[in-house]
Amino acid sequence: MLENIRVVLVNTSHPGNIGGAARAMKNMGLSRLVLVDPLDFPSHEADARASGASDVLEGAQVVGTLEEALVGCNLVLGTSARDRRIPWPLLDPRECGQKSVEEAGQGGQIALVFGREYAGLTNEELQRCHYHVHIPSNPDFSSLNLAAAVQVLSYEVRMAWLAAEGQPSKVEKQEVNSVRSADLATADEMESYFGHLEQTLVAIGFLNPEQPKHLMARLRRLYGRSSVNRSEMSILRGILTETQKVARGDAHKRKD
Ligand code: SAH
């Protein structure tokens, strides 16, 4: 489905930007690059900046006009560094990703069109687009490097594609992100831990039993927020046991 989405670069002057764009695309799973009258292509600099994405450069289609680049396209999205040069239906990058993936999923051919480094797209070129896309950058410094702009939109396409495919956008580590309920320390285990903690804090002189000042209540609140699981509980218990040994002076004896 991503092969239905092409990236069109118009009149690019710096070959390094073509290479950077190819790399950005490949990172995000896009492969179709169309170059409209590039100033310097093919070139070593483009290859160098593409890094491992030279296949995208080798497969790039070079054409003379934007019209040729858009042959067969059902949806054309033109990017602009400036907000609302001409009043036109506008999408933000997220909407652009979603719309592209939605249409590509139905077999549509999509073009994401990027302008010249120094002058962007002309008004005439922008008027060939169904929608304009503006990356909401700092209004006082709104123009991104061309390859960086390609990266942002390619990323949004990927996020929308992952969502459409039902694939997770993050690699979940079960133990880190979600503690299964059955693995959580139980209320009685927590109670006996708090008892152990209190004894230890008294033993090392941190808690004065005559003046406890709500310390245990605060610690209970802290642990209560932490979803402690069983293996973490056994680490905590181990630390307390060793701390008690040190407090009693056993640690030295053991080492001797
Ligand atoms: N001086 C030009 C800047 C062009 S930057 C101008 O003002 O139009 C080169 C290309 O990168 C732009 O044509 C556009 O395709 C893309 N780009 C840069 N910043 C962008 C932004 N904030 N939103 C969308 N596209 C942007």
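In each ligand, atom 1 is the first atom listed, and ligand 1 is the first ligand listed. As the structure is a computational prediction, the values presented were derived from the model and not from experiment.
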Arg230 atom CZ, neighbour heavy-atom count above 12 within 6.0 Å: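 Yes.
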
More than 12 heavy atoms of other groups within 6.0 Å of Tyr155 OH: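 No - once you tally the heavy atoms of other residues, nucleotides and ligands closer than 6.0 Å, there are 12 at most.
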
Geometric N/O contact [X] with ligand 1, under 3.5 angstrom:
X	answer
Asn145	no
Leu146	no
Leu144	yes

Atom of Ala22, atom of Leu33 and distance for their closest heavy-atom approach: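 Closest approach of Ala22 to Leu33: CB-CD2, 4.4 Å.
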
At less than 4.0 angstrom from any non-hydrogen atom of [X], what atoms of ligand 1 do you find?
X	value
Ser137	22 (N)
Phe114	15 (O)
Ser80	21 (C), 23 (N), 24 (C), 25 (N)
Gly120	2 (C), 4 (C), 8 (O), 13 (O)
Ser142	19 (N), 21 (C), 22 (N)

Heavy-atom check, side chain of Leu39 versus side chain of Asn11, under 4.5 Å: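 The answer is no; the side chains never approach within 4.5 Å.
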
Check: Glu124 main-chain N/O paired with Gln127 side-chain donor or acceptor under 3.5 Å: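 No; zero donor-acceptor contacts below 3.5 Å.
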
Side-chain donor/acceptor of Thr243 to backbone N/O of Thr241, under 3.5 Å: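 No, Thr243 side chain to Thr241 backbone: no donor-acceptor pair under 3.5 Å.
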
By salt bridge (Lys or Arg N to Asp or Glu O under 4.0 Å) - contacts of Glu117 (at least two apart):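 If we apply the salt bridge (Lys or Arg N to Asp or Glu O under 4.0 Å) test to Glu117, skipping adjacent residues, there are no hits.
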
Parallel, tilted or perpendicular: rings of Tyr223 and Phe194 (30°, 60°):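 Phe194 vs Tyr223 ring planes: perpendicular.
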
Does only the side chain of [X] get under 4.0 Å from ligand 1, or the backbone, or both, or neither? Count heavy atoms.
X	answer
Arg116	backbone
Ala148	neither
Ala81	both
Ser143	both
Val133	backbone
Pro136	neither

Step-by-step salt bridge (Lys or Arg N to Asp or Glu O under 4.0 Å) determination, Glu125 to Arg116: CA-CA 11 Å; Glu125 287 162 346; Arg116 300 153 189 85; 2.7 Å; yes

